[in-house]
Structure formats: C-alpha cells, structure tokens
Amino acid sequence: MIEVLKTGLETCVQDFPGRKGAFGMGFPPSGPIDHWSFRLANLLVGNEPGDAALECQFIGPALKFKAPAIFALTGGDMQAKLDGEYVPLWQSVAAGAGQKLEMGPALTGARCYISFAGGVDVPPFLGSRSTFVLGKCGGIDGAPLAVGGEIPVGVGEGISGRRIKRKCLPPLPNNGKWLIEVCAGPNDDWIDKAGQKRFLESMWKLSPKSNRVGFRLEGPKWTFTRKAIDKAPENGSDPSNTIDHGYPIGAINLGGQTPIILLNDTLTLGGFINPYTVPSCAFWKLGQSRPNEIYEFELISIEEAQARKRAINATCSEDSIELA
Amino acid sequence: MKFDAPKFLPGGDRFIMVQFGDDAEIDLNFLALGLTTAIKADQTRGVIDTNPSYNSLVVEYESDEISYGDLQKELERLIGGLGSVEKLELDSRLAYLPAMYLDPWTRDCVADYSAKITPRDWDPAYVAELNDLEDAQQLARVHSGTEHWVVAVCSTPGLPLMRPLDPRCAITSPKYNPPRTWTTLGAIGVGGLSTSIYTTSGPGGYNLIGRTPVPLWDPRQRLPVFKDRVVLLNAADRVKFVPIDKDEFGYIEARIADGTYEFNITAYQRFSVGAYKKWVASLNADRRF
C-alpha cells in the first residue's frame, strides 16, 4: 500500500492497451499516452508490460511507501527524490517502508510513469484498470489520485538495479521540435491539394489548451475540396462538418479551422472530419511533448506505420534491459 | 445517397472506416449495424472493436493479426453476406423511458444560455414553429408518438443517438451555435434529425425539449438493471418516451435513489427492415399526431 501525500497534476492509474471493445457503449480506451515508456516501466519491475501503473502529467506526486516496494520511473524527468536522494530514471529501485518519493515539475518531457512490482491492484472496469476521468470510472474510484488516498499494490517479484539499455530509450528531442508521423485519411479528400501541402509543410504549435481528450494545434488555415462545400444539408454548414461518424484514436479532427488530435480519452463519435490520423507509433511523442512545442508532420503509409509500431513493440522486451 | 459499393477509408495503423453512403438515409445505419452484428458472429480475425454511426462503421483491428488489405476483403465478404437491406433483421429491445416534456430544468438551461451567451427563444416553442407544429404541446405529442431507433451509443458513456421510426414524427432543427456550456443530466434534446439524452451534465448543442429521471448508464452498477451491463441501451434498440408530469418525475427519482426503480424493457422482438419499410410506404407522412 502507498499513501498519497501530494497528488501532482491529475496523476492517474492507467493500463495498456486500456479499455478495449467498449466504443459501442461510448467509452474511449483511456490508457497511457506514451505507451512505450509505460511498458518499459513495467518490464523494469518484473511486471507484464501492460500492468496498471501511474501516469504523472507535468507535475509528479509525493508518495509514501507503507511497505517495502520495488518501483521504476520512466518518461519525462520530474526530479524524483526518495527521502531526498535523486532517483535515476529508467531503472528499478527499492524503497523501504516509510520512505517518501517526492516529484516536481517535468524538466524534460511531459509525462512520467511510475510502476510498482506487482502492479496497481484496483478492480478492472469493463476489462481495464485505466482511469477515464470524464466517465468517472476505472482507476481508483474513477478519479485521479487524491491527497490522503491509498494506492493498492499487488504482490510482485521485482528486483532493483535493472535498467533500460541506452540504445533502447525513446529518443526525446532537446530542441522542442517533434516530427510526428501521420497517415492520410479517413477524410483527406475533403482537403484540397494546397491544403494538404500546407498541413505537411507547416510548423504547428501545441496549444496549452490540450489534455488527454485532445491536443489542440495552432497553425495556418485549411482549404477544402468541393466535397466539403457541396454536400447533403444534414452534414452541417461548415466545410469541416460531416454527418456524425466514429472517431479513430489519433485522428486529426478538424473543427472549423482548429485541428485537434484525438487522444486516449476522446469522444468516440462526432460531426467533424478527420483528414489525417496519427498512428500508434507516434503516441509516445505526443505523450512527451509540452505546450508551445512545435510539431511537423511526416506522411507515412499504413504499412510503414504498422512496421514502426512493431519496432517499438519489439523493444518492450527483456532484451532492452541490463543490470546496472 | 447509398454508394454502389461501400468505401473503405484508413484511420492510421489500427482503424478502417466502412462508409455505406454520404447522407443520413436510415438504411445506411441499418447496414452499418448489420455489418457490426455480422463481424461479431463471424469473430473476424484481428478485429478488436466496432464503432457504428449514421452511415458508417469504424473498425479497430490489430495489424499483427490481419493486414489492412485482408481485413478489407473480410469486410467485403461479410457485407456481401448481408444481401439487400430489406433482408436485414436485427435484435432490437424496446425501452420505455419516462419523460417529462417541457420541464422546468431544461427551461432553466435555455434561460441560462440566453442570459450568459446569446438570447434565444424557449427551445420547444422554437422547434415547434420550425416544424410547422401548433405549439410546444403538439411537439411533445409528436415526439412521444413514435419509437426512436438507437443509431449508436456513443460520444460519452451510454449516450444514445436516435432517429424517429415513424416519419409522421420526424423533427428537424439546427443545433446551438455557439454550443451551451452546461446541460442538465437526463435532458432530452433534438438536433439535426436526431434525438439524444444527455448522460453527463456537460456542454451540448441539441435543442432541449424534456428530461428523463432515469440514468442511462451506471459505472457503479448499483440498480438491478445494470447488474450485467454498464449502459442501458444498445445500438439497434428502440426507445419509446412515456410522458410523465412533475409529481411522477419526483416519484421515479426517489425510486432510483432508493434502488427500487423497475425499468420497463422488452427483449423479445427482432426488427425486420423489410417489414418496417413496407409499413413506412403505407403511411401518409404529411399527417402529424
């Protein structure tokens, strides 16, 4: 059991791949945004890669261990200290009963994952322990960590001193610029050639008005094909309006002139077009990018996106780990 | 219009969207729900989930198990197996939901919007006028005079998007622009050609015409109807609104609170698209209730 002393900024229990098979009931998958760092955190402490762990966002929590535990931190650097001593990222660490883990704002990246040997032991909801804050379900009482709350931990067999090999780490950029993969579709044919070129050749700023529901982007205007203008009236009046349709996770959803990347806690359906979709291999970049950082988009094929996903999956294995 | 052949549109590395047509013709939803049912029965390799809507279906798949091209072939095979839309039969429960039309709570929502965002008429009067109905009372009569077809359960947990099955009860209205910032829980709204029920008290764009006291989802699964399910309705279910007054609203609210409310849902029927279309063809859709 672990006691919550400070919550951080909406720190939540997540698991991977999250709540699957529930679109038809109106539930998005939830789960960690940077699922690469998340899985590495679990592997370090001897868990299954998808076991429940904590996602810290921008500012980490302060926790007190009530019993000895093995834990690991991955992703963004939130200057974690265990009883005042800096804790290395990407490495399993032993904590004794009564020790305090204190974290601050992210110095690098945006999300830090805390795994515990044995995993966070909360009851699954619709097959997943992931917290869905808008739906008030999953995780611990359907909500982010609360001061004075307790995080139940299962029984694990982790050991300290396991670390991720340097060459297997997600390569965080140090200049605030990200090259994000996108695939064309489902509605790229609503955007004219000039608009498609503009999207792919422009720099886009990640707006501070972004969260796990969606990442809002600021950039140039969009222009449309006839399809967006000359359409059945039930589509709605704006060129970006369409008859309500299901939203792929990662879709770049265009509401008026504002593109929003739909993330893990998105609405599952709506009436705006999705000209492009960010594939799962780029989600770790979304998870670690900070407001006002710059995105450029790299158009790749579906097959290439699937190959890059397989490459990331392959690093989420014991082969990526060495003893410190 | 229904396409001659469905379109397959990619959504990144793990989604494929099947689009049957480009408008909101109800046949297109029947096809999307027919395909959803066929995928489940077929247990198609690699398929993780389906997300149907008015004229399309988004399918989530695992590319390590099936390629985009092979999945498209499998979906084409299943669509071929559906045959003509008239031959479709779908499991369809009928849920009787109590509804207080022209209620004070959604009236407050409209007043709040008028005061804080931009002035507008009371929604039921506005929608009645747009649809050439005598008054808000007739709007309530028309809206409760039909079964509403659940096109999809989506957007937020348990939220149904519905279309009236009886063309004599069709209502059209534009959505709010800009949208409301809050909506009372259980509000019944109409927008475009559809009806919805707010399952969270968030923002919204539909015109509010009534309110139901019953929850449409329960993450704690407290009431008996939620014992084996988290959300009340499935796509392809039908909803019949049963008009109630304020006293009965209060009575039902109390029964919900003490856990003794008995939901009225029948589950013995199947919906035949062919029989439905034959019935619709026999009606004079110009006559209202």
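Each chain gets a letter, A, B and so on, in the order its sequence line appears, and its residues count up from 1.
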Novice: Checking A:D265 against A:S30 for the side-chain hydrogen bond (donor to acceptor under 3.5 Å, both in side chains) test, could you report, in this order, the C-alpha distance in whole Å, the side-chain angles of both residues, the deciding distance, and whether it holds?
Specialist: CA-CA 5 Å; A:D265 289 354; A:S30 302; 2.9 Å; yes

Novice: Between B:R220 and chain A, which part of the residue has a heavy atom less than 4.5 Å away: side chain, backbone, both or neither?
Specialist: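 B:R220 touches chain A through side-chain heavy atoms alone.
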
Novice: Among side-chain atoms of A:S210 and A:R216, is any donor-acceptor pair under 3.5 angstrom?
Specialist: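 No, A:R216 and A:S210 have no side-chain donor paired with an acceptor closer than 3.5 Å.
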
Novice: Output yes when a side-chain donor or acceptor of A:K20 lies under 3.5 Å from a complementary backbone atom of A:S128, and no otherwise.
Specialist: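 Absent.
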
Novice: How would you list, in number order, the residues of residues 298-315 of chain A that have a heavy atom less than 4.5 Å from chain B?
Specialist: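 Contacts with chain B: A:I302, A:A305, A:Q306, A:K309, A:R310, A:N313.
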
Novice: Any salt bridge between B:R45 and B:E65, counting N to O under 4.0 Å?
Specialist: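 A salt bridge is absent here (no side-chain N lies under 4.0 Å from a carboxylate O).
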
Novice: For the NZ atom of B:K2 and the CG atom of B:D23, what is their distance to the nearest 0.5 Å?
Specialist: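 Here the rounded value is 11.5 Å.
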
Novice: Out of curiosity, A:S207 OG to A:F215 CZ, how far, rounded to the nearest 0.5 Å?
Specialist: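 One finds 10.5 Å between OG of A:S207 and CZ of A:F215.
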
Novice: Shorter than 4.5 Å, heavy atoms on both sides: which option in A:C183, A:A232, A:G185, A:G21 has the most such pairs with chain B?
Specialist: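 The candidate making the most pairs under 4.5 Å is A:G21.
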
Novice: Can the ring centroids of B:W217 and B:F226 be said to lie less than 6.0 angstrom from one another?
Specialist: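 Ring-ring flag for B:W217/B:F226: false, centres at least 6.0 Å apart.
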
Novice: Using modelled atom types and a 3.5 Å cut-off, is there a donor and acceptor pairing between side-chain atoms of B:E25 and backbone atoms of B:M1?
Specialist: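 Side chain of B:E25 to backbone of B:M1: no pair is present.
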
Novice: Does A:F125 have any ring pair (Phe, Tyr, Trp, His ring centres under 6.0 Å) partners at least two apart in sequence or in another chain, and if so, which?
Specialist: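 Testing A:F125 for ring pair (Phe, Tyr, Trp, His ring centres under 6.0 Å), a comparison that skips the adjacent residues, returns A:F27.
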
Novice: Taking atom types as modelled and ignoring hydrogens, do the side chains of B:R180 and B:Y198 form a donor-acceptor contact shorter than 3.5 angstrom?
Specialist: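 Side chains of B:R180 and B:Y198: pair found under 3.5 Å.
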
Novice: Side chains of A:S289 and A:Y295 only: does a donor on one sit below 3.5 Å from an acceptor on the other?
Specialist: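 Indeed, the side chains of A:S289 and A:Y295 share at least one donor-acceptor pair under 3.5 Å.
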
Novice: So which part of B:L57 gets closer than 4.5 Å to some heavy atom of chain A, the side chain, the backbone, both or neither?
Specialist: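 When you check distances to chain A, no heavy atom of B:L57 falls under 4.5 Å.
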
Novice: Measure distances from A:D141 to the heavy atoms of chain B and classify the residue's part below 4.5 Å as side chain, backbone, both or neither.
Specialist: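 For A:D141, backbone heavy atoms alone lie under 4.5 Å from chain B.
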
Novice: Under a 4.5 Å heavy-atom cutoff, which of B:V151, B:D64, B:L159, B:T50 has the most pairs with chain A?
Specialist: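 Looking at each option in turn, the highest pair count goes to B:D64.
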
Novice: Inspect the contact between A:R212 and A:E10 and indicate whether a charged nitrogen and a carboxylate oxygen are less than 4.0 angstrom apart.
Specialist: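 Here A:E10 does not pair with A:R212 in a salt bridge, since their nearest N and O are not under 4.0 Å apart.
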
Novice: At a heavy-atom distance under 4.5 Å, which candidate from B:P219, B:S155, B:C154 has the highest pair count against chain A?
Specialist: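 Most heavy-atom pairs under 4.5 Å with chain A: B:S155.
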
Novice: With a 4.5 Å cut-off on heavy-atom pairs, point out which of B:V58, B:N234, B:V230 contacts chain A the most.
Specialist: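 Of the options given, most contacts go to B:V230.
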
Novice: Tell me, for B:A24 versus chain A, whether the close heavy atoms (under 4.5 Å) come from the side chain, the backbone, both or neither.
Specialist: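 Both parts, backbone and side chain.
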
Novice: Counting heavy-atom pairs closer than 4.5 Å to chain A, which one of B:L233, B:T172, B:V231 comes out on top?
Specialist: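 Counting heavy-atom pairs under 4.5 Å, the top option is B:V231.
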
Novice: Relative to chain B, which segment of A:K227 carries a heavy atom at a distance below 4.5 Å: side chain, backbone, both, or neither?
Specialist: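 Contact with chain B involves the side chain of A:K227 alone.
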
Novice: Does any backbone or side-chain atom of A:A184 lie under 4.5 Å from a heavy atom of chain B? Answer side chain, backbone, both or neither.
Specialist: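 Interface part for A:A184: backbone (N, CA, C, O).
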
Novice: Applying a criterion of heavy atom separation less than 4.5 Å, what residues of residues 242-253 of chain A form contacts with chain B?
Specialist: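 Checking residues 242-253 of chain A against chain B gives A:I243, A:D244, A:H245, A:G246, A:Y247, A:P248, A:I249.
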
Novice: Between A:D15 and A:R129, does at least one N-O distance fall below 4.0 Å, as a salt bridge requires?
Specialist: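 Salt bridge: no.
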
Novice: Could you list the residues that satisfy ring pair (Phe, Tyr, Trp, His ring centres under 6.0 Å) with A:Y276, not counting sequence neighbours?
Specialist: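 Once residues adjacent in sequence are excluded, the partners of A:Y276 under the ring pair (Phe, Tyr, Trp, His ring centres under 6.0 Å) criterion are A:F199.
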
Novice: If you tally heavy-atom pairs under 4.5 Å against chain A, which of B:Q19, B:K7, B:M17 wins?
Specialist: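 Greatest number of close heavy-atom pairs with chain A: B:M17.
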
Novice: Would you say B:N131 and B:Y126 are linked by a side-chain donor-acceptor pair, where the criterion is simply a distance under 3.5 Å?
Specialist: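 B:Y126 vs B:N131: no donor-acceptor pair found between side chains.
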
